[in-house]
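When a ligand or atom number is given, it counts from 1 through the structure's own listing order. Position 1 is the first residue of the sequence; numbering continues from there. Quick caveat, the model's predicted, so the values are computed rather than measured.
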Amino acid sequence: MNIIKLNTVDSTNDYIKRTYKSLNNLSIVFANQQTKGKGRNNHNWESEPNKNLLCSILIKNKSIIKKGPILSLLTAVAVVKTLSRLKLTDIFIKWPNDIYIKNKKICGILLESKSFDNKIEAIIIGIGLNLNQTKFNKKYLATSYKLEAQKEINIKNVLSLLIKEFKNTVTNCSNYISFINKHNFLYSKKIIVTINNKKVMAKALDIDKTGALKVKYLNKIYKINSNEVNVIYERT
Ligand code: BTN
């Protein structure tokens, strides 16, 4: 995999969106600092310089692009495996693409795409993994490797591990649904979802083989696709 290491960039996702035509499939852009880091739903992704893993992976290969929405789950699996190798425990995937340690977020994943003539030409997978930062805005319930393990970690070593796990997971993704269900943060929690254009409180169940989240509402089971809704969960 071709790694482009930058000191400062607006956003590693935006860097790839501007340059993807001249980059190879599976190129990785890594930055020490982002000036306009982006999160999902138009949020900013805040990260102190040189403290966390900030990177984006470019997918141009058609057979990988076809995996579509499950790519964010596969990326989540690769992050969980990386954190397990680093000996962290209580790691969960908050469907569809956040990674939690206990009840605090340690990693966010942002998928974007570039299309031409209505065909997706490239998918950009942005990963923000909190490693050595210890102070976070109080409005977010966030954690980091250092807060959990009480020691610092080399960011580039974590990048190498993550790349290895990502390649393994994407090329050999047979058992990933059972893996995700073992780490399903939302399981049995009450969550707010949109069913028939109405926001309702439902009970989250497992994730099915297409990557959709099953929920129970008024004794019926519904499937929620990650591109359809914003899941908000009620802390119990
Ligand atoms: C989220 O949880 O809202 C997703 C956060 C994704 C953040 C990463 S950091 C590297 C890449 N570049 C960005 O601008 N965003 C993603």
Visitor: Any idea which atoms of ligand 1 are less than 4.0 Å away from a heavy-atom of G37?
Guide: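 This gives 14 (O) as the contact atoms.
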Visitor: Which one holds for K105 and ligand 1: side chain close, backbone close, both close, or neither close, with close meaning a heavy atom under 4.0 Å?
Guide: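 For K105, only side-chain atoms sit under 4.0 Å from ligand 1.
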Visitor: Find all atoms of ligand 1 within a distance of less than 4.0 Å from any non-hydrogen atom belonging to S56, and give their numbers and elements.
Guide: 11 (C)
Visitor: Just checking, is any N or O donor in the side chain of T143 or E148 under 3.5 Å from an acceptor N or O on the other one?
Guide: yes
Visitor: In this structure, are over 12 heavy atoms from other groups packed under 6.0 Å from K67 atom NZ?
Guide: yes
Visitor: Ligand 1 versus I109, non-hydrogen atoms closer than 4.0 Å: side chain, backbone, both, neither?
Guide: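 It is the backbone that touches ligand 1; the side chain stays farther off.
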Visitor: Roughly how far, to the nearest 0.5 Å, is the CG atom of N13 from the CH2 atom of W45?
Guide: 12.0 Å
Visitor: Among W45, F30, Y15, Y140, whose heavy atom sits nearest atom 5 (C) of ligand 1?
Guide: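 Heavy atom nearest to atom 5 (C) of ligand 1 belongs to W45.
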Visitor: Which bit of N41 is near ligand 1, meaning a heavy atom under 4.0 Å away: side chain, backbone, both or neither?
Guide: neither
Visitor: Please verify the inter-ring angle class for Y217 with Y222; under 30° counts as parallel, over 60° as perpendicular, anything in between as tilted.
Guide: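 Plane angle between 30° and 60°, so tilted.
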Visitor: Provide the number and element of each atom of ligand 1 under 4.0 Å from a heavy atom of N13.
Guide: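 Those atoms are 11 (C), 12 (N).
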Visitor: State plainly whether the residues K105 and D98 are in salt-bridge range, i.e. N to O under 4.0 Å.
Guide: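 Salt bridge present between K105 and D98.
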Visitor: What is the closest protein heavy atom to atom 3 (O) of ligand 1, and at what distance does it sit?
Guide: R40 N, 2.7 Å
Visitor: Considering non-hydrogen atoms of the protein only, which is the closest contact for atom 11 (C) of ligand 1, and what is the distance?
Guide: T12 OG1, 3.2 Å
Visitor: Do the side chains of D208 and K223 get close enough for a salt bridge, i.e. N-O under 4.0 angstrom?
Guide: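 A salt bridge is present here (some side-chain N lies under 4.0 Å from a carboxylate O).
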Visitor: Should one rank K38, Q34, K36 by closest heavy-atom distance to atom 7 (C) of ligand 1, which comes out on top?
Guide: K38
Visitor: Considering only heavy atoms of D98, which atoms of ligand 1 have at least one such atom less than 4.0 Å away?
Guide: 2 (O)
Visitor: Taking 4.0 angstrom as the limit and counting only heavy atoms of C55, give me the atoms of ligand 1 inside it, by number and element.
Guide: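 What qualifies from ligand 1 is 10 (C), 11 (C).
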Visitor: If you measure from NZ on K17 to OG on S113, what distance do you get to the nearest 0.5 Å?
Guide: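 OG of S113 is found 8.0 Å from NZ of K17.
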Visitor: Does a side-chain heavy-atom distance below 4.5 Å link V77 with L73?
Guide: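 A side-chain contact under 4.5 Å is absent here.
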